[in-house]
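Naming convention: chains lettered A, B, ... in sequence-line order (proteins, then strands); numbering from 1 in each chain.
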2 protein chains.
Amino acid sequence: MTEYNDKQLEILKAAEILFASEGFDGTSIRSIAKAAKVNIAMISYYFGSKEKMLEALIIYRTSDMKMQLDIISKENLTPSEKVDRLIDLYISRINKNKCMYQILHFELSTKKRIMDMKAFTDVKRQNMEAFTKIINEGQEQGIFRKDVNINLIPPTIMGTLVHFQMNRPFFEAHLGIATDEAYEDYIKNELTIHIKQTIKALLVYEN
Amino acid sequence: MTEYNDKQLEILKAAEILFASEGFDGTSIRSIAKAAKVNIAMISYYFGSKEKMLEALIIYRTSDMKMQLDIISKENLTPSEKVDRLIDLYISRINKNKCMYQILHFELSTKKRIMDMKAFTDVKRQNMEAFTKIINEGQEQGIFRKDVNINLIPPTIMGTLVHFQMNRPFFEAHLGIATDEAYEDYIKNELTIHIKQTIKALLVYEN
DNA sequence: GTTTAAATTAAACGTTTGTTTAAATTTACT
DNA sequence: AGTAAATTTAAACAAACGTTTAATTTAAAC
């Protein structure tokens with residue numbers, strides 16, 4: 001759609017980091033300009049306003065967030081394996097877009113700026129559909145339980161991960177994790193296992 | 001500890017609602033004063049500054065958040081029933097303190113204001129301990145599985161609920177829920193059932 | 001090389017921000 | 001009733017905010 005030049009991308013990159021860590025209202029246009037090493041007028045020049053830049057940033061980041069869920073559903077895997085793949089995909093994507101998820105998380109919950117978000121909502125609905133399809137497949141094969149609320153499984157997956165990231169200071173202290181790397185490792189190992197285990201326990205009949 | 005008069009409580013109440021819906025940086029002391037029907041100088045007069053008022057608000061709200069987890073653990077219930085009671089308690093408490101959780105959620109994730117949060121961290125650690133105790137009880141009785149990561153179960157409970165509340169616009173559309181009441185009902189019924197079912201599936205041996 | 005458009009700059013714009021002041025009013029106490 | 005302290009007010013404060021301006025530099029086109 002819209003192509004951005006190097007300077008514009010530099011601005012968006014700096015803004016993304018600052019918005020995520022200081023919030024939209026807590027970030028000044030001057031601090032963004034400083035971080036991106038451009039004049040403060042460039043933001044209005046390129047994007048029109050601070051708010052329009054946020055909108056541009058969200059669209060830019062969410063438009064390429066479409067996951068390869070369709071691909072998974074077509075792969076030659078058991079429903080159980082597909083669920084595993086799906087959870088891996090969720091986790092890696094949220095981890096990759098940590099800043100954007102942080103921003104969206106706040107913007108979705110505030111009524112201050114009513115913006116499009118259509119791009120993001122579309123991705124979510126699309127994910128929900130692909131997920132439902134995989135679960136239904138397992139249910140038809142008699143592998144998955146039928147007395148579950150499919151709509152609430154993605155919230156459990158996402159919610160667990162997001163909660164763990166949001167309350168990082170607490171869990172760092174509680175689990176005795178010191179470095180950024182160790183925390184990422186914990187997510188990639190222990191947390192991923194926990195989520196898979198939980199969803200499997202909910203879905204799969206005992207064997 | 002600190003006692004607040006009616007006017008101070010009025011300010012804190014107004015601030016809580018505004019901070020939750022507009023964010024700390026997105027809320028001006030003038031809008032708080034207007035909502036609380038007091039002069040703008042009263043905030044500095046009573047609390048010293050806007051930031052100190054936030055701190056006072058957090059301490060005020062989190063100090064009485066101590067749950068009756070200890071009581072549950074002493075009640076004459078099966079471990080399974082205790083887990084149910086616990087989940088009910090979590091959900092009702094988060095629902096009751098929706099605004100404060102929203103504020104804390106943002107403040108914990110931002111590095112802008114490094115404030116105490118000790119009161120809140122204490123509650124969390126305390127909850128984790130009480131929860132661990134109950135799970136251990138069930139494990140010793142041979143009712144609960146032992147190959148679970150107890151530390152990650154509260155994040156699953158909390159995360160699912162918080163995620164569902166944060167992405168409300170999406171789920172309202174997706175589930176065809178129109179009113180505030182219907183959404184609350186969905187949380188109190190379907191979502192609560194889903195969380196209990198999930199945690200039970202993870203913990204309890206098949207029977 | 002000249003012309004035209006795009007990019008970049010420093011400065012200034014008018015608001016809004018959180019906080020303080022100093023005067024006025026209310027309350028509490030003897 | 002009279003005094004001292006606490007409360008409440010409107011006004012003013014400087015600082016920071018997002019945005020615009022007008023001048024300058026750079027790049028592109030002919």
Determine whether a donor-acceptor pair (N or O, by modelled atom type, separation under 3.5 Å) exists between the side chain of B:Lys50 and the backbone of B:Phe24.
yes
Do B:Glu107 and B:Arg113 pass the salt bridge (Lys or Arg N to Asp or Glu O under 4.0 Å) test, and can you show the C-alpha distance, the side-chain angles, and the key distance before you say yes or no?
CA-CA 7 Å; B:Glu107 291 305 319; B:Arg113 291 166 289 279; 2.9 Å; yes
Using a cut-off of strictly less than 4.0 Å between a heavy atom of the residue and any atom of DNA chain C, enumerate the qualifying residues of residues 46-55 of chain B by number.
B:Ser49, B:Lys50
Identify the pairs formed between an N or O of the protein and an N or O of nucleotides 9-11 of chain C at a distance under 3.5 Å, and give each distance.
{"residue": "C:dT9", "atom": "OP2", "partner": "A:Asn39", "partner atom": "N", "Å": "3.3"}

Using 30° and 60° as the class boundaries, would you call the ring planes of B:Phe164 and B:Tyr183 parallel, tilted or perpendicular?
parallel
State which residues pass salt bridge (charged side-chain N to carboxylate O under 4.0 Å, His left out) with B:Glu129; sequence neighbours excluded, sorted by chain then number.
none
Show the distances under 3.5 angstrom between N or O atoms of the protein and N or O atoms of nucleotides 22-28 of chain D.
none

Can you list everything that forms a salt bridge (charged side-chain N to carboxylate O under 4.0 Å, His left out) with B:Lys82? Sequence neighbours excluded, please.
B:Glu137
Side chain to side chain contact (heavy atoms under 4.5 Å, CB included) against A:Ser44, all qualifying residues, sequence neighbours excluded
none
Stems involving DNA chain D, each a run of at least 3 consecutive Watson-Crick or G-U pairs under 3.5 Å
C:1-17 with D:14-30, C:19-30 with D:1-12
Taking only heavy atoms on the protein side, list every residue of residues 13-32 of chain B lying under 4.0 Å from any atom of DNA chain C, sorted numerically.
B:Thr27, B:Ser28, B:Ile29, B:Arg30
Set of side chain to side chain contact (heavy atoms under 4.5 Å, CB included) partners for B:Lys146, sequence neighbours left out:
B:Gln139
From OH of A:Tyr45 over to P of C:dT8, roughly how many Å is that when rounded to an integer?
8 Å
4.5 Å side-chain heavy-atom contact, B:Leu12 and B:Phe47:
yes
Considering residues at least two apart in sequence or located in another chain, which fulfil the salt bridge (charged side-chain N to carboxylate O under 4.0 Å, His left out) criterion with A:Asp88?
A:Lys196
Looking only at non-hydrogen atoms, find the nearest pair between A:Ile187 and A:Thr192 and report the distance.
O-OG1, 2.7 Å
Between B:Asn95 and B:Lys188: side-chain donor-acceptor atoms closer than 3.5 Å:
no
Show me the donor-acceptor pairs, under 3.5 Å and distance only, between side chains in residues 97-106 of chain B and residues at least two apart or in other chains.
{"residue": "B:Asn97", "atom": "ND2", "partner": "B:Arg93", "partner atom": "O", "Å": "3.0"}
{"residue": "B:Lys98", "atom": "NZ", "partner": "B:Glu184", "partner atom": "OE2", "Å": "3.2"}
{"residue": "B:Tyr101", "atom": "OH", "partner": "B:Arg93", "partner atom": "NE", "Å": "3.4"}
{"residue": "B:Tyr101", "atom": "OH", "partner": "B:Arg93", "partner atom": "NH2", "Å": "3.0"}
{"residue": "B:Gln102", "atom": "NE2", "partner": "A:Ser109", "partner atom": "OG", "Å": "2.7"}

Roughly how many Å is it from OH in A:Tyr4 to P in C:dA7, rounded to a whole number?
14 Å
Identify, with sequence neighbours excluded, every residue that meets salt bridge (charged side-chain N to carboxylate O under 4.0 Å, His left out) alongside B:Glu75.
B:Arg85
From CD1 of A:Ile43 across to P of D:dT20 the rounded distance in Å is 13 Å
Does A:Lys7 reach the main-chain N or O of A:Val38 with its side chain, forming a donor-acceptor pair under 3.5 Å?
no
For the pair A:His194 (side chain) and B:Leu152 (backbone), establish whether a donor and an acceptor sit closer than 3.5 Å, ignoring hydrogens and angles.
yes
